[in-house]
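For reference, the structure discussed in these notes is given below.
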Amino acid sequence: MDFDLRQLKSFIDVADLGSFSAAAEKAGLTQPAISLHIRLLEKRLGVRLIERVGRRAQPTSAGRDLLIHARRIADEVSQAIETVAPHRSGQSGRLRIGTGATALIYFLPTILREIRHLMPGVEIRVETGNTPDIIRLLENNEIDAAIVTLPVTGRSLDLREVLREELVAIFPPDATDVPAHIDADYLCAQALLLYQGGNTRKLVDGWLKGTGRRVQPVMELGSVEALKTLVEAGLGVAVVPAMAVRNATSTELQTRSLVPKLKRDLALALRRDKHMTAPLRALVAALNRQLEASARSAT
C-alpha cells in the first residue's frame with residue numbers, strides 16, 4: 001500500500017499541534033487542504049485517525065498507533081534527502097575514468113587534483129589499459145569517461161580531442177653520434193624496443209613501415225615506464241610519448257624528434273546517453289581549461 005508523504009506529514013502536524021488551522025499555517029497550506037489530506041489518508045487506511053475533543057484535534061487510538069510509524073517514516077525520508085543532497089551539489093558521488101598508464105602518470109594528475117579540490121567528497125576510480133580495452137569498459141558502462149588515443153570508432157560515443165602530443169625517440173644516456181632528428185631508416189637499424197599493443201603502437205608501426213622494411217623489434221613491452229628503464233640500461237632505443245620524458249635531464253635519456261614528426265591525439269570519450277553528473281561536468285571543464293592553457297602556451 002502506497003503512502004502519500006504529504007498526507008502523513010499533515011497527519012503528524014495536526015496530531016502535534018492539535019489544530020487543523022495551526023497545521024495549515026505551519027505547512028503553508030490552506031485548512032481545507034490539510035483536512036483533505038487527513039480524509040484521504042483515513043479513507044486509504046479505512047480507520048478514523050483524528051477526532052475532536054472540545055476545540056482540540058487529537059489522534060484516535062488507531063491514529064496514535066500510526067503516529068509512531070509516521071514519525072519514523074518522516075525521519076527516514078528526511079535522512080534520505082540529507083544523504084542525497086551532497087550528490088546534488090556535486091560534493092559527493094563517483095567518477096570512474098579509464099585511460100592509459102602514461103596519460104594517468106603525466107597528464108591526468110593536475111586534472112584529478114582540480115576535481116578533488118572542488119569536490120573533496122567525490123570517489124575517483126581510474127582503470128588503466130590499452131585504448132580498445134578501455135573503450136569496451138566505456139561501452140559496457142563500467143566506467144563513466146575515458147581518455148584514449150585516437151582513432152576510436154563507435155556510434156554510441158562522443159569524442160572530444162583534449163591533447164595532441166609528439167612521439168619521440170629515446171636513447172641511452174651514453175649513446176654517441178645520435179642524429180639531431182631521427183628518420184625511420186635510422187631507427188629500424190637500431191635495437192628497437194616497442195610498446196606492445198594499443199593505438200600508440202599502431203601509429204608507430206605505420207610510421208616505421210614507410211621505410212619498406214620489415215619492422216622487427218628486439219623486445220616488446222606493455223609499459224612505457226619499462227621501455228624507459230630498458231633504454232636507460234642500454235638495451236636499445238624506443239619511441240614514446242613526449243609527456244613521458246618531458247622532464248628528463250641531460251644525465252638521463254637522450255630525446256630526439258622524429259622526421260617526419262609523429263603525433264598522437266588524445267580524446268575524451270563519453271557515451272552519448274550518459275547522464276552528465278556533477279563530477280563528469282567537472283572533468284569536462286577541467287580538460288577544457290587544460291586545452292585552453294595548452295593553446296595559449298603554443299601561441
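Positions are given from 1 along the sequence.
- The environment of R55 atom CZ is sparse: at most 12 non-hydrogen atoms of other residues, nucleotides or ligands sit within 6.0 angstrom.
- Under the 4.0 Å criterion applied to side-chain N and carboxylate O atoms, E225 and K228 are assigned as salt-bridge partners.
- I73 and V47 end up in the same hydrophobic cluster when Ile, Leu, Val, Met, Phe, Trp and Tyr side chains are linked at under 4.5 Å.
- A heavy-atom distance below 4.5 Å is found between the side chains of L268 and V284.
- Taking the side chain as every heavy atom from C-beta outward, L230 and L221 approach each other to under 4.5 Å.
- Remark: R136 engages D133 in a salt bridge, criterion side-chain N to carboxylate O under 4.0 Å.
- Between D265 and K263 there is no salt bridge, since none of the side-chain N atoms of the basic residue sits less than 4.0 Å from a carboxylate O of the acidic one.
- Counting non-hydrogen atoms of neighbouring residues, nucleotides and ligands closer than 6.0 angstrom, the CD atom of E25 reaches no more than 12 such neighbours.
- Counting non-hydrogen atoms of neighbouring residues, nucleotides and ligands closer than 6.0 angstrom, the CZ atom of R6 reaches no more than 12 such neighbours.
- Between D144 and L270 there is no side-chain heavy-atom pair separated by less than 4.5 Å.
- Side-chain atoms of Q290 and V162, non-hydrogen and from C-beta on, never get closer than 4.5 Å to each other.
- Side-chain contact between L193 and V237 is absent, with no heavy atoms from C-beta onward closer than 4.5 Å.
- The pair R71-D16 meets the salt-bridge criterion, with a side-chain N (NZ, NE, NH1 or NH2) lying under 4.0 Å from an Asp/Glu carboxylate O.
- When the side chains of ILVMFWY residues are joined at heavy-atom separations under 4.5 Å, either directly or via intervening members, L67 and L49 end up in a single hydrophobic cluster.
- Judged by distance alone, the side chains of E166 and S257 do bring a donor and an acceptor atom under 3.5 Å apart.
- For the pair P109 and I105, the tightest heavy-atom approach, listed with the atom from each and the gap, is CG-O, 3.2 Å.
- Taking the side chain as every heavy atom from C-beta outward, L187 and L192 approach each other to under 4.5 Å.
- Side-chain contact between Y195 and V240: absent, with no pair of heavy atoms (C-beta onward) separated by less than 4.5 Å.
- Side-chain heavy atoms closer than 4.5 Å link hydrophobic residues (I, L, V, M, F, W, Y) into clusters, and following such links, even through other members, never connects L159 to I97.
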>> Walk me through whether K9 and D13 qualify under salt bridge (Lys or Arg N to Asp or Glu O under 4.0 Å).
In response: CA-CA 6 Å; K9 185 65 171 61; D13 288 342; 3.0 Å; yes
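- Within the model, atoms CG of L95 and CE of M119 stand 9.0 Å from one another, a figure rounded to the nearest 0.5 Å.
- Once rounded to the nearest 0.5 Å, the distance linking CZ of R155 with CZ of R272 reads 11.0 Å.
- Linking Ile, Leu, Val, Met, Phe, Trp and Tyr whenever their side-chain heavy atoms come within less than 4.5 Å puts I34 and I12 in one cluster.
- Counting non-hydrogen atoms of neighbouring residues, nucleotides and ligands closer than 6.0 angstrom, the CD atom of E139 exceeds 12 such neighbours.
- Looking at T149 and L203, their side chains come closer than 4.5 Å, going by heavy atoms from C-beta outward.
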>> Checking R125 against E123 for the salt bridge (Lys or Arg N to Asp or Glu O under 4.0 Å) test, could you report, in this order, the C-alpha distance in whole Å, the side-chain angles of both residues, the deciding distance, and whether it holds?
In response: CA-CA 7 Å; R125 297 182 183 178; E123 176 192 354; 2.6 Å; yes
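- Taking a cutoff of 4.0 Å between a charged side-chain nitrogen and a carboxylate oxygen, R264 and E165 qualify as a salt bridge.
- Under the 4.5 Å side-chain contact rule for hydrophobic residues, L287 and M276 share a cluster.
- Atom CD of Q31 and atom OG of S19 lie 6.5 Å apart (nearest 0.5 Å).
- For the atom pair CZ (R94) and CG (L280), the distance works out to 11.0 Å, reported to the nearest 0.5 Å.
- Separating the CD atom in E142 from the CD1 atom in I134 is a distance of 10.0 Å, to the nearest 0.5 Å.
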